[in-house]
Amino acid sequence: MNTILVTGSNGQLGNELRKLAKDYTDFQFIFTDIAELDITSPLAIDEMMSTHRVQTIINCAAYTAVDKAESDSEIAMRINAKAPQFLAEAAKKYDALLFHVSTDYVFSGQGFQPYKEDEPCAPQSAYGLTKLKGEEAVINSNCKAVIIRTSWLYSAFGNNFIKTMRKYGAERGFLKVVFDQIGTPTWAGDLAKAILDIIPQTKPERCGIYHYSNEGVCSWYDFAIEILDKSGIPCKVEPIETKDYPLPATRPYYSVLNKSKIKQDFKLAIPYWKESLSKCLLEIETMSL
Ligand SMILES: NC(=O)c1ccc[n+]([C@@H]2O[C@H](COP(=O)([O-])OP(=O)(O)OC[C@H]3O[C@@H](n4cnc5c(N)ncnc54)[C@H](OP(=O)(O)O)[C@@H]3O)[C@@H](O)[C@H]2O)c1
């Protein structure tokens, strides 16, 4: 039986993995968050790996407060860059496979065609830089690793853009949302399933960087309208430019990910973003009953 250590499992992706665990009976899961395993501690990682004979690590732990990272870059670097190095070193020592999750924010966002895995990175924010350093640390360790870059992640767990739009849309009936940042939303439930389906197919030649998001493309404005429409929340949405909504961290204008490689290597069928949004909204509504 493949023993899988999941880090940061109280977050969006980690919770989706917890939800799916019962369907993957060939895997034995150890779900941890910072209280059980602080990934910035190499000693704690080593102990966890040896005690439980871990064969696969799925690293969902991260510092994800994109704007706060601008003023908190030392902590963000420790969690997003140094800790993945510790996990990668442990994976190498115990001959385990490491799944590490990264972000579209490693790209400049100045492109206009979906980004492939080998295109040059040029993060525009402290968060993006820490995530790129994390990727580099994993690659430089030479452990068996699959790095999955994803974008605009959401789920029924935790706080995210969907929850914000529903809350303020219902309270205010009027929202302004940027229309000049283009990407693809990703339901963490789909990403969690993709990771679990990939694990048995992973071979040394299939290690490396992959891109995964839902299918399709939209702006945050389009995403907001779809969320509010599908939620039945009457709310007027005004499209605005990024310059009219200044935030501490610079976001990429265009960060659509090209997913050809992951679809081809692992025969994945990826759902369209609107279909997955409907599933997540149904879960949110069921959970709030
Ligand atoms: N969210 C997005 O839009 C997005 C987009 C692209 C890529 N990603 C990447 O996708 C991955 C999963 O993101 P997510 O949205 O599921 O993140 P999340 O909801 O923020 O979950 C991260 C979890 O890691 C925990 N954590 C923080 N520091 C830790 C430490 N030192 N040791 C162990 N656990 C720690 C967090 O605890 P606390 O909450 O207590 O800090 C939280 O439970 C991350 O690598 C992220 O960079 C996310």
Side-chain angles (χ1 to χ4, degrees), residues 5-20 30-45 48 57-69 72 74-87 90 98-107 109 115 121 123 125-135 137-138 145-165 181 183-192 194-195 209-214 220 223 249 251-252 255-257 259 273 280:
L5 168 66
V6 183
T7 66
S9 64
N10 291 346
Q12 300 194 90
L13 181 58
N15 264 298
E16 295 290 350
L17 286 164
R18 278 180 201 268
K19 222 174 65 194
L20 291 174
I30 305 165
F31 287 104
T32 63
D33 206 275
I34 192 160
E36 299 78 32
L37 177 61
D38 179 347
I39 63 163
T40 63
S41 163
L43 277 179
I45 295 170
M48 184 66 76
I57 305 169
I58 305 176
N59 181 29
C60 304
Y63 184 108
T64 54
V66 175
D67 289 311
K68 221 170 136 213
D72 211 9
E74 208 176 300
I75 295 176
M77 198 60 92
R78 203 178 319 139
I79 298 170
N80 290 348
K82 200 71 193 160
Q85 180 193 323
F86 298 149
L87 289 170
L98 172 63
F99 273 80
H100 177 66
V101 185
S102 192
T103 172
D104 55 330
Y105 283 18
V106 296
F107 292 115
Y115 282 99
C121 293
S125 62
Y127 167 76
L129 180 65
T130 64
K131 294 295 290 184
L132 178 61
K133 295 285 173 200
E135 290 184 8
V138 170
V146 173
I147 296 172
I148 300 189
R149 293 188 187 128
T150 190
S151 61
W152 300 21
L153 203 63
Y154 66 86
S155 89
F157 306 99
N159 291 319
N160 51 49
F161 186 74
I162 297 188
K163 303 269 187 79
T164 307
M165 291 300 106
Q181 289 173 34
T184 313
T186 306
W187 181 34
D190 290 332
L191 176 58
I195 291 173
I209 300 177
Y210 286 90
H211 287 172
Y212 184 96
S213 69
N214 278 127
W220 289 106
F223 192 22
R251 269 81 173 160
S255 65
V256 179
L257 300 173
K259 302 174 288 291
W273 71 269
C280 180

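As the structure lists them, so they are numbered: ligands from 1, and atoms in each ligand from 1.
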**Item:** Residue selection (non-hydrogen contact nearest atom 37 (O) of ligand 1) among Thr40, Ile79, Asp33, Asn80
**Value:** Asp33
**Request:** Take every heavy atom of Leu37, measure it against each atom of ligand 1, and state whether any distance is under 4.0 Å.
**Result:** yes
**Request:** Measure the distances from the heavy atoms of Cys60 to every atom of ligand 1 and state whether one is below 4.0 angstrom.
**Result:** yes
**Prompt:** Which is closest to atom 4 (C) of ligand 1 by heavy-atom distance: Leu153, Ile148, Leu17?
**Reply:** Leu153
**Asked** N/O to N/O below 3.5 Å, does that happen between Leu13 and ligand 1?
**Response** yes
**Request:** Measure the distances from the heavy atoms of Ser155 to every atom of ligand 1 and state whether one is below 4.0 angstrom.
**Result:** no
**Message:** Quick check on atom 40 (O) of ligand 1 - does any protein heavy atom sit closer than 4.0 Å to it?
**Reply:** no
**Asked** Going by heavy atoms, is Thr7 under 4.0 Å from ligand 1?
**Response** no
**Message:** Can you tell whether the side chains of Arg251 and Asp67 come within less than 4.0 Å, N to carboxylate O?
**Reply:** yes
**Message:** When you compare the side chains of Ser151 and Asp104, does any donor N or O come within less than 3.5 Å of an acceptor on the partner?
**Reply:** no
**Prompt:** Given Trp152, Tyr127, Tyr63, Phe157, which one has a non-hydrogen atom that is nearest to atom 46 (C) of ligand 1?
**Reply:** Tyr127
**Prompt:** Does one side chain, of Thr7 or Asn59, offer a donor that lies under 3.5 Å from an acceptor on the other?
**Reply:** yes
